[in-house]
Amino acid sequence: MAQASTTLGLMFILTKLTVVSTMYLLFIQEDKNMKHRVLRLVAVGVAAVLTTFGVAVGNAVAKDKMVIAVPTFLTGGGAPAFGVPARNGTELIIQAINKGQVPAPYNTKGIAGAQVEAIIYDESGGGAKQVTEYRNKVQKLGVDMFAGFVSSGTCAAITPVAEELKTLTVYATCGTPRVFEELDKNPKYVFRTMSHATADGVALAHYVASKYPSANGYTGINQNYAWGQDSWRDFDLAMKVLAPNIKGSDKGQWPKIFAGRYGAEISALLKSPEDLVHTSFWGGDLEAFIFQGLARGLFKKKTFLMSVAGTAAYRLGKKLPAGIVLGSRGPYGIYANQLTDTPMVKWFNNAYVNRYGTQPTQPSYQYAQAILGAKFAYEKAAAANSGKWPSTDQVIAALEGATFQGVATEVRMARSNGHQGVTDHAWGVASFDKELGLPVVSEVMHFKGDCIMPPDGMDSVTWLKGGMKGAKCD
Amino acid sequence: MSADKTIIGVTIAVVLLACANFFIADWIRQIGLLSMAIGSVALGLLVLWRTGLISFGHALFYGFSAYGVALLNYLGVRDAFVLVIVSAAASGLLAWGLGFLVRRYRAIFFALLTMAFSMILYGVLAKTERFGSTDGLNVHPPTFLGYAPVDQAAQITLFLFGLLVIYGLILGVQIYLRSVLGQMTTAVRENEIRVEYLGYSVEHVIHIKYVISGLLAGFGGAIMALAVGQVDPESMAYWTASGEFVFVAILAGTGNVAAPFIGAVAFEVIRHFAWEHGANLWQLIMGGTLLAIIMFVPDGIWSVLQRLVGKKDGVK
């Protein structure tokens with residue numbers, strides 16, 4: 001997007017010049033002459049108009065190039081575990097798409113012939129700020145679409161605005177089933193290209209039921225906010241259906257998010273009678289909890305079920321406690337790196353390791369998956385439009401209910417009127433392989449999307465409480 | 001005399017903005033709406049600040065009122081006038097209740113006590129699933145006395161509505177500050193004992209200020225909820241939100257009732273461009289700006305404007 005970035009650069013210089021000249025007028029030039037004062041006011045006025053004008057120029061977006069806005073956590077607690085791998089995955093896939101280096105079926109240059117520019121921006125600051133940023137990207141920069149979002153909170157906030165502003169928005173990672181079950185029951189512009197969080201809990205319950213049938217019970221430690229509450233609820237409800245003989249504790253631990261110190265919680269867990277402990281901790285909280293638990297032998301005494309530990313596996317390396325049941329919110333990250341040997345995953349993994357010197361984790365795969373979904377939809381729509389650049393409505397029609405190949409797994413847009421993706425899942429036990437110098441997973445079980453996602457039109461909680469009828473597991 | 005000047009100036013500005021509203025780009029209108037919301041809270045801080053009190057917990061009233069809008073919405077109330085007035089009044093009531101305790105404290109004790117109360121609200125909101133926990137709640141587009149605009153018309157109408165509310169608030173505060181009770185402000189800051197000897201109760205004066213301040217923050221929160229269409233604890237009730245209001249108040253200066261709104265616009269514009277051009281650096285840019293303001297323009301933007309028109313006599 002050379003043209004847009006030039007105008008953006010120009011705008012920025014204009015803004016700077018304005019500030020500098022205003023400062024000069026205000027502070028350096030001391031003058032008591034009334035005429036000069038008026039002149040100064042006029043100058044400031046002109047400067048202000050110039051700034052606005054310079055900014056307005058930024059609206060022009062050429063048609064043969066497309067701009068995708070990619071929000072993810074660049075600052076704050078979500079950055080190391082999610083934001084940075086997501087950004088890296090995005091940069092990698094966009095560059096490869098522009099050069100035509102992605103393996104088949106994505107080996108054409110650009111998206112429907114257009115070169116792609118990604119505007120990667122910060123997702124931190126809460127829902128209200130994100131809504132404002134979303135509006136800016138649409139109304140000021142005129143982006144073609146959005147692909148991304150890590151946090152359920154942001155997705156919940158963005159969903160109605162995306163529909164209001166009629167802008168194609170593909171959620172990459174965020175987990176809450178509320179998006180299509182409660183907030184937007186008839187979505188048009190909003191899509192999600194992976195299974196939602198209920199699938200994590202259900203797949204985990206299947207895994208526990210078949211691998212730990214004689215466990216004496218489970219308890220949990222989850223952050224006291226929406227993600228932690230929902231993760232525990234889904235796992236707990238699924239266990240009641242799939243392994244009713246393993247009893248859940250009602251004395252789970254609920255530290256607040258970003259608490260950082262878990263002395264009291266670890267003591268309570270050590271004293272609790274249950275063998276299994278469920279946790280949906282992520283990021284710095286997860287790493288802090290693991291370090292503090294290691295020091296007290298917590299992971300030798302209990303079997304931990306960690307739903308998003310995949311984000312921390314490579315960061316922890318040797319310190320990753322052996323024997324934890326590790327989740328990656330699907331067959332991404334460690335599961336793809338170690339077990340999937342399709343040309344696509346091999347290429348992605350090699351390119352990522354060469355470029356960033358570390359293994360890709362789940363957000364890298366999920367963001368790349370969302371962008372491939374966009375490439376798939378635009379190209380399918382363009383083909384149906386006799387090769388011409390498709391309208392947003394045509395792209396939506398192309399993506400609705402479609403099946404496309406992500407990086408690590410196939411994505412079927414098979415729920416919520418074809419807007420909610422259904423993807424497979426994998427769970428296994430982690431350990432550190434000294435020869436490879438990498439964490440690895442063993443005793444891996446794969447789960448089909450239709451086995452762990454509620455059927456179309458069914459609310460997650462209703463489905464779980466009603467005994468998960470209609471699940472296809474074979 | 002100078003009260004008239006302020007009111008005339010504000011009236012002209014409001015009329016101009018109301019006209020400009022129909023021509024400006026959507027994203028500029030959005031900045032305007034956010035500035036109105038944040039400016040109202042900063043105006044509330046100004047009322048306290050003139051007495052030498054700084055609140056680090058105004059997100060309490062701001063968030064309380066924003067959630068009030070969201071919850072009333074949930075009960076089926078859609079009219080902007082009802083939503084804003086009821087929610088702000090609830091915030092005022094909350095301020096009245098807490099006032100009995102906080103009015104006894106000054107300086108850092110006052111600041112920290114207010115912050116503690118706001119963090120209690122954050123804790124309650126983040127832990128209650130019914131209130132959407134940390135995900136927050138959506139707010140539907142409001143109606144205006146039966147008129148239900150959609151798309152761009154909705155934002156334009158909301159902007160006019162916001163201007164109307166802000167105009168009312170500025171006039172109200174200006175009249176209050178000109179009254180005997182309002183003028184007590186500076187007296188309390190300078191010498192509390194003398195004020196008591198004059199026959200006024202200092203605690204009473206501060207209590208009234210606290211209620212007015214909470215009410216103003218409540219209006220801000222309600223406008224924010226309607227402008228953004230989403231409430232969540234992190235944006236609305238966390239202590240960083242309170243910090244932003246103090247930032248705006250410092251940026252603006254306490255020279256005039258219109259200053260907080262000018263400060264809010266400056267704040268939103270800086271943040272807007274910082275976010276856009278410095279994806280990884282925007283916090284640094286914001287912090288740097290605050291530092292520069294404190295070092296070079298300690299009396300805020302208002303003092304700069306005064307210098308521009310040639311007034312040398314600083315903040316009164």
Side-chain angles (χ1 to χ4, degrees), chain A residues 8 11-12 15 25-27 32 34 37 40-41 44 51-52 55-56 59 74-76 119-122 124-133 135-141 151-161 164-166 176 178 183 224-230 233 254 256-257, chain B residues 24-31 33-34 37 66 123 126-127 129 132-141 150-151 154-155 224-225 227-238 240-241 268-269 271-273 275-284 296-297 304-305 307-310 312:
Chain A
L8 282 180
M11 266 163 54
F12 195 42
T15 320
L25 284 164
L26 287 181
F27 301 111
K32 295 215 158 60
M34 187 63 200
R37 275 182 214 141
R40 266 188 252 170
L41 271 177
V44 173
T51 319
T52 322
V55 168
N59 279 329
L74 298 177
T75 65
I119 299 179
I120 300 174
Y121 71 95
D122 195 2
S124 61
K129 288 205 181 71
Q130 285 305 313
V131 169
T132 309
E133 274 317 300
R135 282 184 189 279
N136 282 336
K137 297 287 175 280
V138 176
Q139 297 177 333
K140 186 175 157 196
L141 301 181
S151 155
S152 292
T154 333
C155 285
I158 292 297
T159 301
V161 190
E164 182 200 323
L165 297 180
K166 302 182 171 41
T176 182
R178 285 175 62 224
L183 301 169
N224 201 349
Y225 83 118
W227 167 255
Q229 292 153 3
D230 292 354
R233 183 200 62 207
W254 294 98
K256 67 178 198 291
I257 186 171
Chain B
I24 51 182
D26 292 325
W27 63 273
I28 297 177
R29 189 177 300 112
Q30 183 73 9
I31 289 184
L33 275 166
L34 301 186
K127 285 177 188 179
E129 273 186 72
S133 188
T134 39
D135 283 1
L137 298 168
N138 293 139
V139 179
H140 299 289
V150 288
D151 293 339
Q155 292 295 103
M224 185 60 104
V228 172
Q230 165 78 12
V231 297
D232 68 275
E234 198 187 341
S235 314
M236 302 291 183
Y238 202 53
T240 49
E268 282 299 327
V269 168
R271 180 159 73 189
H272 181 92
F273 287 102
W275 204 303
E276 197 170 303
H277 297 287
N280 295 302
L281 292 172
W282 63 272
Q283 283 122 327
L284 191 70
F296 301 114
V297 206
V304 175
L305 293 178
R307 271 209 251 173
L308 265 179
V309 294
K312 291 283 171 195

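Lettering of chains follows the sequences in order, A, B, ..., and the numbering in each one begins at 1.
Below 30°, between 30° and 60°, or above 60°: for Trp27(B) and His272(B) the angle between ring planes is below 30°, a parallel geometry.
Listed for the Gln130(A) side chain is no donor-acceptor partner under 3.5 Å among the backbone atoms of Ala157(A). Side-chain N or O atoms of Asn138(B) include none that pairs as donor or acceptor with a backbone N or O of Gln230(B) at under 3.5 Å.
Looking at Glu268(B), there are no atoms closer than 4.5 Å to chain A (heavy atoms on both sides), in backbone or side chain. Ser151(A) does not touch chain B: none of its heavy atoms, backbone or side chain, sits under 4.5 Å away. Proximity to chain A is limited to the side chain of Met236(B), based on heavy atoms less than 4.5 angstrom apart. Contact of Leu33(B) with chain A is not made at all, since no heavy-atom distance falls under 4.5 Å.
Of all the listed residues (Ser124(A), Ser152(A), Ala226(A), Ala156(A)), the one sharing the greatest number of non-hydrogen pairs under 4.5 Å with chain B is Ala226(A).
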Please assess Lys137(A) against Glu133(A) for the test salt bridge (charged side-chain N to carboxylate O under 4.0 Å, His left out), listing each intermediate value before the final yes or no. CA-CA 6 Å; Lys137(A) 297 287 175 280; Glu133(A) 274 317 300; 3.2 Å; yes

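A donor-acceptor pair shorter than 3.5 Å can be found between the side chains of Asn224(A) and Gln229(A).
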